[in-house]
J.: 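Once you've had a glance at the structure underneath, I'll fire off some questions.
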Amino acid sequence: MFPSETRVDFKMKTIEVDGIKVRIQIWDTAGQERYQTITKQYYRRAQGIFLVYDISSERSYQHIMKWVSDVDEYAPEGVQKILIGNKADEEQKRQVGREQGQQLAKEYGMDFYETSACTNLNIKESFTRLTELVLQAHRKELEGLRTRASNELALTELEEEEGKPEGPANSSKTCWC
Ligand SMILES: Nc1nc2c(ncn2[C@@H]2O[C@H](COP(=O)(O)OP(=O)(O)OP(=O)(O)O)[C@@H](O)[C@H]2O)c(=O)[nH]1
């Protein structure tokens, strides 16, 4: 539970990705400028981030660039990002074309979905995709660590081996028989 003035909502959800049950923590930070000092602190522990604009608001779309720069500044380096154009059910009020969303996502190297919280359009898909990306990144990081650890182990063994007195020749010197 958070006091209302923190302007951050928190939920837990379990979703299945590649046959694996993954429990995810969802933090919904306030968009307004005046809460930014607080909400930026939540970026630090994020593994995946949705950057969300409203397809019926050109202004919210223009704001995405600022969000991206904040994420680059405050979120961990390997954080996974997806661009979302929400309120896709509001077609008659649309101010941002789907191609504009696609173009922006391409520029930033992100996946892109148009969603609707009202009709559930692409909600599950986008959460599943972001979870997949986070898991992939996590696996890569683990593989990297494993490779580094085994390289270091091999190096230590080699150094120990090189430091040892020579086998048969040496043993003949110390042989008492
Ligand atoms: N038509 C439609 N309305 C939506 C959709 N998603 C949210 N809304 C409405 O948009 C308004 C704002 O929704 P919020 O979830 O408070 O948006 P927010 O970006 O979290 O707002 P802040 O926390 O103030 O930054 C509410 O009235 C919602 O009912 C959607 O997909 N379609």
Side-chain angles (χ1 to χ4, degrees), residues 1-98 100-141:
M1 291 291 276
F2 293 92
S4 59
E5 67 270 19
T6 59
R7 303 293 294 141
V8 177
D9 291 328
F10 169 77
K11 287 214 163 46
M12 300 274 284
K13 198 157 172 53
T14 303
I15 58 173
E16 203 167 311
V17 178
D18 300 333
I20 305 166
K21 281 203 172 121
V22 188
R23 195 147 170 77
I24 57 173
Q25 290 181 8
I26 307 161
W27 302 79
D28 177 13
T29 59
Q32 291 111 306
E33 197 72 42
R34 63 194 153 128
Y35 298 115
Q36 287 309 291
T37 323
I38 304 159
T39 57
K40 274 174 190 165
Q41 297 168 23
Y42 289 86
Y43 294 3
R44 271 186 290 142
R45 292 187 59 208
Q47 293 175 296
I49 294 183
F50 287 118
L51 293 139
V52 185
Y53 66 88
D54 170 354
I55 67 139
S56 66
S57 158
E58 172 72 27
R59 198 168 157 267
S60 71
Y61 174 76
Q62 296 300 341
H63 250 97
I64 290 293
M65 293 124 197
K66 188 204 165 283
W67 292 120
V68 173
S69 76
D70 277 359
V71 167
D72 285 348
E73 193 174 346
Y74 296 99
E77 210 171 293
V79 74
Q80 301 299 308
K81 290 166 278 185
I82 287 185
L83 182 65
I84 300 285
N86 192 40
K87 301 199 186 179
D89 56 292
E90 298 267 44
E91 198 51 56
Q92 69 291 354
K93 293 191 192 157
R94 185 188 277 276
Q95 288 184 1
V96 185
R98 174 190 284 271
Q100 284 176 270
Q102 281 165 339
Q103 184 54 38
L104 192 63
K106 199 170 161 200
E107 269 170 43
Y108 289 122
M110 297 183 222
D111 281 11
F112 170 68
Y113 291 88
E114 282 201 347
T115 61
S116 167
C118 286
T119 66
N120 257 342
L121 175 77
N122 283 336
I123 301 295
K124 194 171 172 205
E125 288 79 357
S126 52
F127 272 95
T128 304
R129 181 63 185 145
L130 188 57
T131 309
E132 238 170 46
L133 290 172
V134 169
L135 285 177
Q136 273 170 19
H138 186 61
R139 278 190 199 122
K140 257 194 205 147
E141 199 185 325

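Here the structure is a predicted model, which is why all the values come from computation and not from measurement.
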J.: So, using side chain to side chain donor-acceptor pair (under 3.5 Å) as the criterion, who are the partners of K140 when residues are at least two apart?
T.: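 Residues passing side chain to side chain donor-acceptor pair (under 3.5 Å) with K140: none at all.
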
J.: Quick one: pull up OG in S60 and CG in L51 and give me the separation to the nearest 0.5 Å.
T.: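 The OG atom of S60 sits 12.0 Å away from the CG atom of L51.
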
J.: Suppose we screen for ring-ring contact (aromatic ring centres under 6.0 Å, His included). Which residues come up paired with Y61, at least two apart in sequence or across chains?
T.: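 Y61: ring-ring contact (aromatic ring centres under 6.0 Å, His included) contacts with Y53.
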
J.: Run E132 and L135 through side chain to side chain contact (heavy atoms under 4.5 Å, CB included) and show every step you take.
T.: CA-CA 5 Å; E132 238 170 46; L135 285 177; 5.9 Å; no

J.: Which residues satisfy the side chain to side chain donor-acceptor pair (under 3.5 Å) test with T131, sequence neighbours excluded?
T.: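 Side chain to side chain donor-acceptor pair (under 3.5 Å) list for T131, sorted by chain: empty.
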
J.: For R59, enumerate each residue passing the side chain to side chain contact (heavy atoms under 4.5 Å, CB included) test, keeping only those at least two apart in sequence or located in another chain.
T.: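 Partners of R59 by the side chain to side chain contact (heavy atoms under 4.5 Å, CB included) criterion, ordered by chain and then number, come out as S57, H63.
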
J.: For a quick test of your reading: what N or O donor-acceptor pairs under 3.5 Å do the side chains of residues 103-111 make, sequence neighbours left out?
T.:
unit_1, atom_1, unit_2, atom_2, d
D111, OD2, R129, NE, 2.6
D111, OD2, R129, NH2, 3.4

J.: Sequence neighbours excluded, which residues qualify as side chain to side chain contact (heavy atoms under 4.5 Å, CB included) partners of E125?
T.: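 So E125 forms a side chain to side chain contact (heavy atoms under 4.5 Å, CB included) with Y113, N122.
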
J.: Output all residues satisfying side chain to side chain contact (heavy atoms under 4.5 Å, CB included) with T14, sequence neighbours left out; order by chain, then residue number.
T.: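 For T14, the residues satisfying side chain to side chain contact (heavy atoms under 4.5 Å, CB included) (neighbours in sequence not counted) are K21, R23.
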
J.: Run the side chain to side chain donor-acceptor pair (under 3.5 Å) test against Q62 and tell me which residues pass, sequence neighbours left out.
T.: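 Expected list: E58.
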
J.: For the NZ atom on K66, are there more than 12 heavy atoms of other groups (residues, nucleotides or ligands in this structure) within a distance under 6.0 Å?
T.: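 Check passes, neighbour count above 12.
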
J.: Could you go through residues 76-91 and list every donor-acceptor pair under 3.5 Å that involves a side-chain atom there, pairing it with any protein atom two or more places apart or in another chain?
T.:
unit_1, atom_1, unit_2, atom_2, d
Q80, NE2, G78, O, 2.9
K81, NZ, D72, OD1, 3.4
N86, OD1, T115, OG1, 2.8
K87, NZ, D54, OD2, 3.4
D89, OD1, S116, OG, 2.8
E90, OE1, Q92, NE2, 3.3
E91, OE1, R94, NE, 3.3
E91, OE1, R94, NH2, 3.1
E91, OE2, R94, NE, 2.8

J.: Residues two or more places apart in sequence or in another chain: which of them pass ring-ring contact (aromatic ring centres under 6.0 Å, His included) with Y43?
T.: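 Checked Y43 against ring-ring contact (aromatic ring centres under 6.0 Å, His included); zero matches.
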
J.: Tell me every residue that passes side chain to side chain donor-acceptor pair (under 3.5 Å) with R139, counting only those two or more places apart in sequence or in another chain.
T.: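 Partners of R139 by the side chain to side chain donor-acceptor pair (under 3.5 Å) criterion come out as none, since no residue qualifies.
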
J.: Name all residues meeting the ring-ring contact (aromatic ring centres under 6.0 Å, His included) criterion together with F127; count only those two or more places apart in sequence or in a different chain, and write none if there are none.
T.: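 Here the qualifying residues are F50.
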
